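Everything on this sheet refers to the single structure shown next.
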Amino acid sequence: RLRGRAADPAVLEEFESALIASDLGVRVVDRVMERLKKQLQGADGSQTGLVHRVLRDTLIEVLTPAQGLPLESLLANGPKPFVILVVGVNGVGKTTTIAKIAQRLVQAGKVPLLVAADTFRAAAIDQLQVWADRVGVGVIRHRHGADPAAVAFDGVAAAKARKVDVVLIDTAGRLHTKSNLMDELRKITRVIAGECPGAPHEALLVLDATVGQNALAQARQFHQAVGVTGLVLTKLDGTARGGIVVAIAEELKLPVRLIGVGESVEDLQDFDSTAFVDALIG
Amino acid sequence: SLSEKFENIFKKLRGTGVLTEQNIAEALKEVRLALLEADVNFKIVKDFIERVREKAIGQEVLKSLTPGHQVVKVVWEELREMMGRERAGLALASNPPTVVMMVGLQGAGKTTTCGKLGRYFKAQGKRVLLVAADPRRPAAGDQLSSLGHDLEIDVHRADQAQAAQADVVRICQAGVERGRDQGYDLIVLDTGGRLHIDDELMGELVAVKAAVQPQEVLLVADAMTGQDAVTMASQFEQRIGLTGVVLTKVEGDARGGAVLSIRAVTGKPIKFLGVGEKLDALELFHPDRMASRILG
Ligand SMILES: Nc1nc2c(ncn2[C@@H]2O[C@H](COP(=O)(O)OP(=O)(O)OP(=O)(O)O)[C@@H](O)[C@H]2O)c(=O)[nH]1
Ligand SMILES: Nc1nc2c(ncn2[C@@H]2O[C@H](COP(=O)(O)OP(=O)(O)OP(=O)(O)O)[C@@H](O)[C@H]2O)c(=O)[nH]1
Ligand SMILES: [Mg+2]
Ligand SMILES: [Mg+2]
């Protein structure tokens with residue numbers, strides 16, 4: 001019977017370093033490498049090409065929960081207005097991602113409505129307004145400092161009245177460790193549901209690809225607070241790989257709907273786990 | 001915690017005379033794990049472990065310490081060494097104005113930190129001018145103006161012509177010139193976020209630096225940054241040249257290992273910490289506090 005040949009430890013170490021460098025996290029990497037060694041039993045591990053192929057398959061398999069339905073099919077099968085709540089910590093790209101999604105919808109012949117529910121940060125409403133004007137969509141906005149739940153409520157009410165297809169609600173960045181801010185998010189969610197039962201139909205958590213292990217804590221807390229239904233991974237045009245989504249996929253089974261690959265309004269792509277894995281291990 | 005894990009590892013070694021390769025191997029494994037989970041870059045971790053191993057092996061186990069405590073002591077000292085002992089904060093030039101240029105990745109917290117620095121130095125009686133040098137991000141100028149308005153600090157914005165041209169070098173030159181002519185003590189340049197691999201935009205920063213010769217070039221970095229901190233920081237240091245670092249969003253629960261990576265590859269001091277969204281949320285860097293947080 002054919003006996004396997006052990007993989008070259010230097011080759012394994014190289015793959016292991018690539019995965020650590022991509023922010024998969026040391027515990028996830030240890031588990032992935034264990035699975036790889038198991039898969040290689042009985043095989044000729046001295047073939048680097050084979051090791052690469054098995055590792056690729058292993059990672060794609062682990063990422064299965066991250067590969068969900070694209071946003072378009074959610075909308076196609078969802079209610080109208082389809083309410084999307086966008087949340088996440090400070091500076092990750094929520095506002096810019098909303099502009100990108102709105103552009104995509106407009107190009108698909110849909111009518112989105114933006115809701116400026118970040119009433120806290122300086123010029124947040126102005127920023128969303130500039131994007132709305134560029135894309136050619138409307139914005140529901142109150143004054144700076146208004147109650148974000150009230151803005152969200154008005155946004156959903158207006159969406160129903162105007163019979164728009166999609167509502168995109170922009171919220172203020174907030175650290176998941178701030179319980180009062182997470183409570184505010186819970187309130188926004190309750191108020192939206194009150195005005196539109198079942199809403200938000202998609203709660204998108206935006207994650208920055210440059211963030212390390214803390215993204216897992218972010219995902220857990222935001223999921224606990226609003227029931228996250230999808231992830232967006234931004235800034236993948238940089239050198240960070242966002243490998244933490246592997247840990248998030250394993251633990252929380254959350255699909256990555258979209259990825260941000262630049263600062264322009266068209267820099268939005270669907271998540272493809274195969275392409276993602278290829279970026280991790282070359 | 002790491003100290004507790006060490007206690008368990010070294011319980012069985014009580015009374016042995018010298019720290020050996022063998023008995024510290026397990027402890028070093030725990031240190032490696034703790035640092036990686038804290039987001040310290042894996043190459044930095046490797047070097048760190050090596051230095052600790054060299055320092056620890058052959059050390060006499062002091063009568064007053066357990067072997068576990070001894071290794072912790074070496075780890076702690078090595079971390080402190082890496083964090084740097086320079087005084088934190090920013091010294092203003094004896095001949096005003098001091099020009100400070102803020103640089104960094106998108107969303108790191110540059111604009112907000114400009115506001116915080118303005119408030120910090122205004123409280124010391126200094127006259128501060130903030131310069132809105134990001135012509136690209138929607139409402140970036142409005143954002144800085146809004147902060148300046150709340151703080152009652154002047155903000156220089158590009159005029160119509162400059163804004164249309166989006167010539168960042170000209171905008172910064174005009175801002176510094178005005179700051180100099182009108183007797184400001186501190187001029188802070190708020191540049192737009194950019195990728196360290198964007199040659200054109202990194203070139204723009206090089207051109208600004210050459211044109212206005214700032215006393216300080218501060219890299220603003222997010223405390224939750226992962227392994228990429230090394231690539232990012234070394235590129236900013238190599239291509240632009242930094243004088244210091246500001247770490248933001250420190251009040252969250254990220255372990256902050258990125259600070260060690262950034263220190264290691266730039267060799268530059270951490271000058272300030274951003275510890276909140278409000279403009280008073282600025283602290284001086286505390287190496288000890290940061291070190292214990294990284295070790296977990
Ligand atoms: N390179 C790159 N930059 C991005 C991407 N997405 C967003 N950005 C930039 O990141 C910065 C922050 O984006 P915002 O949309 O303001 O982020 P935010 O989450 O709304 O920020 P807060 O509301 O302040 O929490 C801006 O400079 C954006 O242009 C991306 O995919 N790639
Ligand atoms: N929690 C927390 N948030 C911060 C801190 N510093 C900045 N922020 C937030 O981070 C987000 C991004 O801040 P900005 O000042 O717009 O970042 P920036 O680097 O100027 O972004 P770009 O110009 O797009 O590159 C905003 O929501 C800020 O309020 C901090 O110390 N703690
Ligand atoms: Mg925003
Ligand atoms: Mg800015």
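Note that the structure is predicted; figures quoted are calculated from it, not measured.
With a 4.5 angstrom heavy-atom cutoff, A:R241 does not touch chain B via any of its atoms. Using a 4.5 Å cut-off between heavy atoms, A:A21 contacts chain B through both its backbone and its side chain. Proximity to chain B involves both the backbone and the side chain of A:V211, based on heavy atoms less than 4.5 angstrom apart. If you measure heavy-atom distances from A:H144 to chain B, you find no contacts under 4.5 Å at all. In this structure, no portion of B:L144 lies under 4.5 Å from any heavy atom of chain A. Both the backbone and the side chain of B:T225 come within less than 4.5 Å of a heavy atom of chain A. For a residue to count as touching a neighbouring chain, one of its non-hydrogen atoms must lie under 4.5 Å from one of that chain's; by this rule B:Q235 does not touch chain A. In this structure, no portion of A:V92 lies under 4.5 Å from any heavy atom of chain B. Both the backbone and the side chain of B:D253 have a heavy atom closer than 4.5 Å to some heavy atom of chain A. For chain A, no part of B:R255 is nearby; none of its heavy atoms comes within less than 4.5 Å. Proximity to chain B (any heavy atom under 4.5 Å) is restricted, for A:L181, to the side chain, taken from C-beta onward. In this structure, chain B has no heavy atom under 4.5 Å from any part of A:Q129.
Checking side-chain atoms of A:D23 against main-chain N and O of A:I244 turns up no donor-acceptor pair under 3.5 Å. The backbone N or O of A:A116 sits nowhere less than 3.5 Å from a side-chain atom of A:R141 that would complete a donor-acceptor pair. Using modelled atom types, one side-chain atom of B:S261 and one backbone atom of B:N41 make a donor-acceptor pair closer than 3.5 Å. Remark: the backbone N or O of B:L151 is paired with a side-chain donor or acceptor of B:K122 at under 3.5 angstrom. Looking only at distances, a side-chain donor or acceptor of B:K116 sits under 3.5 Å from a matching main-chain atom of B:G276.
Of the listed residues (B:A38, B:G107, B:P138), the one with the most heavy-atom contacts under 4.5 Å to chain A is B:P138. In terms of heavy-atom pairs under 4.5 Å with chain A, the best-connected choice from B:R137, B:H149, B:M232 is B:R137. When each of A:T96, A:D208, A:T177 is checked for heavy-atom pairs under 4.5 Å with chain B, A:T177 comes out on top. Ranked by heavy-atom pairs under 4.5 Å with chain A, the first of B:R136, B:R32, B:Q143 is B:Q143.
Of the N and O atoms on the side chains of B:D228 and A:T210, not one donor lies less than 3.5 Å from an acceptor on the other residue. For the residue pair A:E184 and A:N180, no side-chain donor N or O sits within less than 3.5 Å of a side-chain acceptor on the partner. Of the N and O atoms on the side chains of B:H196 and A:T239, at least one donor lies less than 3.5 Å from an acceptor on the other residue.
Salt bridge present: B:R157 and B:D142 bring a charged side-chain N and a carboxylate O closer than 4.0 Å.
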#### Entry: CA sep, side-chain torsions, deciding dist, call: A:R121, A:N90, side chain to side chain contact (heavy atoms under 4.5 Å, CB included)
CA-CA 10 Å; A:R121 204 209 70 210; A:N90 309 74; over 6 Å; no
